[in-house]
Trainee: 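Sending over a structure as structure tokens; questions will come in a sec.
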Amino acid sequence: MSSRPELQAPPEIFYDDTEARKYTSSSRIVEIQAKLSERAVELLALPDDGVPRLLLDIGCGSGLSGETLTENGHQWIGLDISQSMLDIALEREVEGDLILGDMGQGLGLRPGVIDGAISISAIQWLCNADKSSHEPRLRLKAFFGSLYKCLARGARAAFQVYPENLAQRELILSYAMRAGFAGGVVVDFPHSTKKRKEYIVLTCGPPSISTAVPKGKGEEGESCSDDESSGDEENQTVSISDRHRPRKKQKTNKKGKGREWILRKKEQMRRKGNTVPPDTKYTGRKRKARF
């Protein structure tokens with residue numbers, strides 16, 4: 001686990017000039033980024049009508065995933081916290097517009113202007129408290145809240161992630177659902193150690209919009225059936241109805257809190273040294289509507 005970049009240093013420090021140039025010059029990383037980006041675009045399920053869309057690349061780095069968006073005929077905006085990464089993206093003359101910013105502080109884009117969003121290996125960084133002012137829950141809330149606002153209704157977001165554990169995945173999903181998203185987790189090649197990839201696919205909009213989560217790919221590239229993934233706890237999705245689950249009600253009988261309950265509470269207060277009115281025949285009696 002020590003090889004995970006997010007466990008070594010904050011992204012703006014880890015991806016300095018040296019690391020950013022080494023990352024971008026690696027043919028292996030370039031190939032992996034291209035495959036992951038292609039799959040993320042596929043999960044967006046954009047209409048096949050030849051009309052270019054405006055997409056958001058969160059954690060765009062040096063523009064490797066943005067090149068995939070350009071090749072698919074789309075316009076894009078890239079956001080990253082590493083100045084070194086963005087400098088290399090400018091050197092490479094990528095087609096997208098670049099923004100230096102921290103996604104954990106919100107995206108700051110106009111409402112409803114983005115047709116889809118992708119992110120490759122970036123969202124899990126929000127779960128780290130790299131500074132004393134960082135609170136992962138607040139950063140996730142700011143990120144997903146601002147993302148929901150800037151996406152057009154019905155638009156999708158596809159995030160390829162490497163969660164450290166199940167709790168981290170659930171934390172990310174829970175704040176996405178609180179922001180208003182519907183969706184869940186898509187796992188490609190779930191039974192393969194090397195090829196296994198995990199995506200969080202979210203849909204922006206009311207429950208009337210189709211929010212079915214795509215199926216993950218199997219070992220031969222085909223979609224995994226529901227039967228294959230039903231036993232895997234990591235393939236579970238979060239339904240939109242989960243956000244509207246009623247809160248647990250306090251257990252009370254139909255008559256409310258009776259005399260026995262009140263006497264017991266008063267005795268507890270007396271043991272704590274509090275002044276409590278004496279018990280009488282009127283204790284626990286319901287008042288009449290009028291005297």
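Predicted model only: the values in this text are computed from it and were never measured.
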Trainee: Please answer: with hydrophobic residues joined when any side-chain heavy atoms are less than 4.5 Å apart, are I99 and L126 in the same cluster?
Mentor: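 Yes, one cluster joins them.
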
Trainee: Looking at R196 and V187, would you say the former's side chain and the latter's main chain have a donor-acceptor pair under 3.5 Å?
Mentor: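 Between the backbone of V187 and the side chain of R196 there is no qualifying donor-acceptor contact (under 3.5 Å).
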
Trainee: Does Y23 reach the side chain of Q33, with side-chain heavy atoms less than 4.5 Å apart?
Mentor: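 Yes, close enough: below the 4.5 Å cut-off.
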
Trainee: Please round to the nearest 0.5 Å and tell me the distance separating atom CD1 of I123 and atom CZ of R169.
Mentor: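 Result: 15.0 Å between the selected atoms.
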
Trainee: Are L147 and L46 grouped together when hydrophobic residues (ILVMFWY) are joined by side-chain heavy atoms under 4.5 angstrom apart?
Mentor: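 L147 and L46: separate clusters.
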
Trainee: Listed by chain and number, what are the ring pair (Phe, Tyr, Trp, His ring centres under 6.0 Å) partners of Y175, not counting sequence neighbours?
Mentor: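 If we apply the ring pair (Phe, Tyr, Trp, His ring centres under 6.0 Å) test to Y175, skipping adjacent residues, there are no hits.
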
Trainee: Rounded to the nearest 0.5 Å, how far does CG of D80 lie from CD1 of I88?
Mentor: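 Here the interatomic distance stands at 11.0 Å.
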
Trainee: Test the R153-Y148 pair against the cation-pi criterion, namely NZ or CZ under 6.0 angstrom from the six-membered ring centroid and within 45° of the ring axis.
Mentor: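 Yes - R153 lies over the ring of Y148, closer than 6.0 Å to its centre and within 45° of its axis.
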
Trainee: Do D102 and R139 have side chains that get closer than 4.5 Å, going by heavy atoms?
Mentor: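 Heavy-atom side-chain distance check passes, below 4.5 Å.
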
Trainee: Step by step, would you call R156 with D115 a salt bridge (Lys or Arg N to Asp or Glu O under 4.0 Å)?
Mentor: CA-CA 8 Å; R156 278 186 174 183; D115 299 312; over 6 Å; no

Trainee: Evaluate whether atom CZ of R271 has more than 12 neighbouring non-hydrogen atoms of other residues, nucleotides or ligands under 6.0 angstrom away.
Mentor: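 Enclosed.
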
Trainee: Closer than 4.0 angstrom, basic N to acidic O: yes or no for E42 and R39?
Mentor: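 Yes, charged N to carboxylate O under 4.0 Å.
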
Trainee: Is there a donor-acceptor pair closer than 3.5 Å between any side-chain N or O of S26 and the backbone N or O of K22?
Mentor: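 Not at all, since once roles are kept as given, no pair shorter than 3.5 Å links the two residues.
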
Trainee: Side-chain contact test, heavy atoms from C-beta onward, threshold under 4.5 Å: evaluate it for T283 versus K266 and give yes or no.
Mentor: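 In short, these two side chains touch, coming nearer than 4.5 Å.
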
Trainee: Does the pair L54 and I77 meet the rule for a side chain to side chain contact (heavy atoms under 4.5 Å, CB included), with working shown?
Mentor: CA-CA 8 Å; L54 178 60; I77 298 173; 4.1 Å; yes

Trainee: Any donor-acceptor pair under 3.5 Å linking the side chain of S37 with the backbone of A34?
Mentor: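 Not a single qualifying donor-acceptor pair exists.
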
Trainee: Does the side chain of Q160 come under 3.5 Å of the side chain of S119 through a donor N or O and an acceptor N or O?
Mentor: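 Result is no, nothing qualifies.
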
Trainee: Looking at E267 and K265, is any side-chain nitrogen of the basic one under 4.0 Å from a carboxylate oxygen of the acidic one?
Mentor: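 So K265 does not pair with E267 through a salt bridge.
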
Trainee: Return the minimal non-hydrogen interatomic distance between G104 and A142, and the atom names on each side.
Mentor: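 Scanning both residues completely, I find the closest heavy atoms to be O-CB, 3.6 Å.
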
Trainee: If Ile, Leu, Val, Met, Phe, Trp and Tyr residues are connected whenever their side-chain heavy atoms lie under 4.5 Å apart, and connections chain through other members, are M177 and L140 in the same group?
Mentor: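 Same hydrophobic cluster.
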
Trainee: Give me the atom names and distance for the closest heavy-atom approach of C60 to L86.
Mentor: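 So the two residues come closest at SG-CD2, 3.8 Å.
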
Trainee: Tell me, which pairs form a side chain to side chain donor-acceptor pair (under 3.5 Å) where one or both residues lie in residues 51-64, sequence neighbours left out?
Mentor: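 Residue pairs with at least one partner in residues 51-64: T24-S62, D49-R53, D57-S65.
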
Trainee: Using the six-membered ring wherever Trp is involved, compare the ring planes of F159 and F143 and label them parallel, tilted or perpendicular (cut-offs 30° and 60°).
Mentor: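 Taking F143 first and then F159, their aromatic rings sit tilted (interplane angle of 30° to 60°).
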
Trainee: Return the orientation label for the F181 and F144 ring planes: parallel under 30°, perpendicular over 60°, tilted otherwise.
Mentor: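 The arrangement is perpendicular - the two ring planes meet at more than 60°.
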
Trainee: Could you pull out the closest heavy-atom pair between G116 and A155, with the gap in Å?
Mentor: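 Here G116 and A155 meet closest at N-CB, 4.3 Å.
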
Trainee: For atom CZ of R137, decide whether the heavy atoms of other residues, nucleotides or ligands shown that lie under 6.0 angstrom number more than 12.
Mentor: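 It does not: R137 CZ has 12 such atoms or fewer within range.
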
Trainee: Show the numbers, then the answer: is there a salt bridge (Lys or Arg N to Asp or Glu O under 4.0 Å) between R21 and E19?
Mentor: CA-CA 5 Å; R21 198 165 297 279; E19 190 65 31; over 6 Å; no

Trainee: Side-chain heavy atoms nearer than 4.5 Å, only ILVMFWY residues, links allowed to pass through others: does that put L173 and I58 together?
Mentor: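 Both belong to a single hydrophobic cluster.
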
Trainee: Looking only at side-chain N and O atoms, does S84 offer a donor or acceptor that is under 3.5 Å from a partner on D16?
Mentor: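 No pair is found: no donor N or O on one side chain lies under 3.5 Å from an acceptor on the other.
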
Trainee: Taking NZ, NE, NH1 and NH2 as the nitrogens, is one of them in D188 or K195 under 4.0 Å from a carboxylate oxygen of the other?
Mentor: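 The answer is no: the pair does not qualify as a salt bridge.
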
Trainee: Testing the basics here: between G61 and A89, what is the closest heavy-atom pair and its distance to 0.1 Å?
Mentor: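 Distance-wise, the nearest heavy atoms are O-CB, 4.0 Å.
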
Trainee: Between N72 and T68, is there a donor-acceptor pair closer than 3.5 Å when you use the side chain of the first and the backbone of the second?
Mentor: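 Yes; judged by distance alone, with no hydrogens or angles, the pair exists.
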
Trainee: Quick check against the 3.5 Å criterion: does W76 have a side-chain atom that pairs as donor or acceptor with the backbone of L69?
Mentor: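 No, W76 side chain to L69 backbone: no donor-acceptor pair under 3.5 Å.
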
Trainee: Any chance CD of E135 has more than 12 other-residue heavy atoms, nucleotides or ligands included, within less than 6.0 Å?
Mentor: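 Atom CD in E135 is crowded, with more than 12 foreign heavy atoms closer than 6.0 Å.
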
Trainee: Quick check: are there more than 12 heavy atoms from other residues, nucleotides or ligands sitting under 6.0 Å from NZ of K149?
Mentor: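 Open: at most 12 neighbouring heavy atoms sit under 6.0 Å from NZ of K149.
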
Trainee: Please report the closest heavy-atom contact between Q168 and Q124, naming both atoms and the distance.
Mentor: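 The answer is OE1-CB, 3.8 Å.
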
Trainee: Would a hydrophobic clustering, with Ile, Leu, Val, Met, Phe, Trp and Tyr connected at side-chain separations under 4.5 Å, put V185 with I118?
Mentor: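 No, no single cluster joins them.
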
Trainee: Enter the distance from I120:CD1 to K197:NZ here, rounded to the nearest 0.5 Å.
Mentor: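 Reported value, rounded in 0.5 Å steps: 11.0 Å.
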
Trainee: Between E260 and R264, is a salt bridge (Lys or Arg N to Asp or Glu O under 4.0 Å) present by the stated rule, with each step listed?
Mentor: CA-CA 6 Å; E260 293 77 9; R264 189 168 62 252; over 6 Å; no

Trainee: What is the distance from atom CG of L151 to atom SG of C204, rounded to the nearest 0.5 Å?
Mentor: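 Result: 5.0 Å between the selected atoms.
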
Trainee: Within the structure provided, determine whether I172 and C127 are in side-chain contact (heavy-atom separation under 4.5 Å).
Mentor: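 In contact.
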
Trainee: Is the shortest side-chain heavy-atom distance between I81 and W125 below 4.5 Å?
Mentor: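 No. Closest side-chain heavy atoms not under 4.5 Å.
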
Trainee: For a quick test of reading the model, state the closest non-hydrogen atom pair linking E198 to P163 and the distance between them.
Mentor: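 Minimum heavy-atom contact is OE2-CG, 3.3 Å.
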
Trainee: Please determine if E67 and R92 form a salt bridge, counting it only when a charged side-chain N lies under 4.0 Å from a carboxylate O.
Mentor: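 Looking at E67 and R92, the cut-off is met.
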
Trainee: Atom CD of E170 and atom CG of N165: how far apart are they, to the nearest 0.5 Å?
Mentor: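 Interatomic distance, E170 CD to N165 CG, rounded to 0.5 Å: 9.0 Å.
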
Trainee: Of L100, L98, L107, which meets side-chain contact (heavy atoms from CB on, under 4.5 Å) against L79?
Mentor: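 Answer after filtering L100, L98, L107: L107.
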
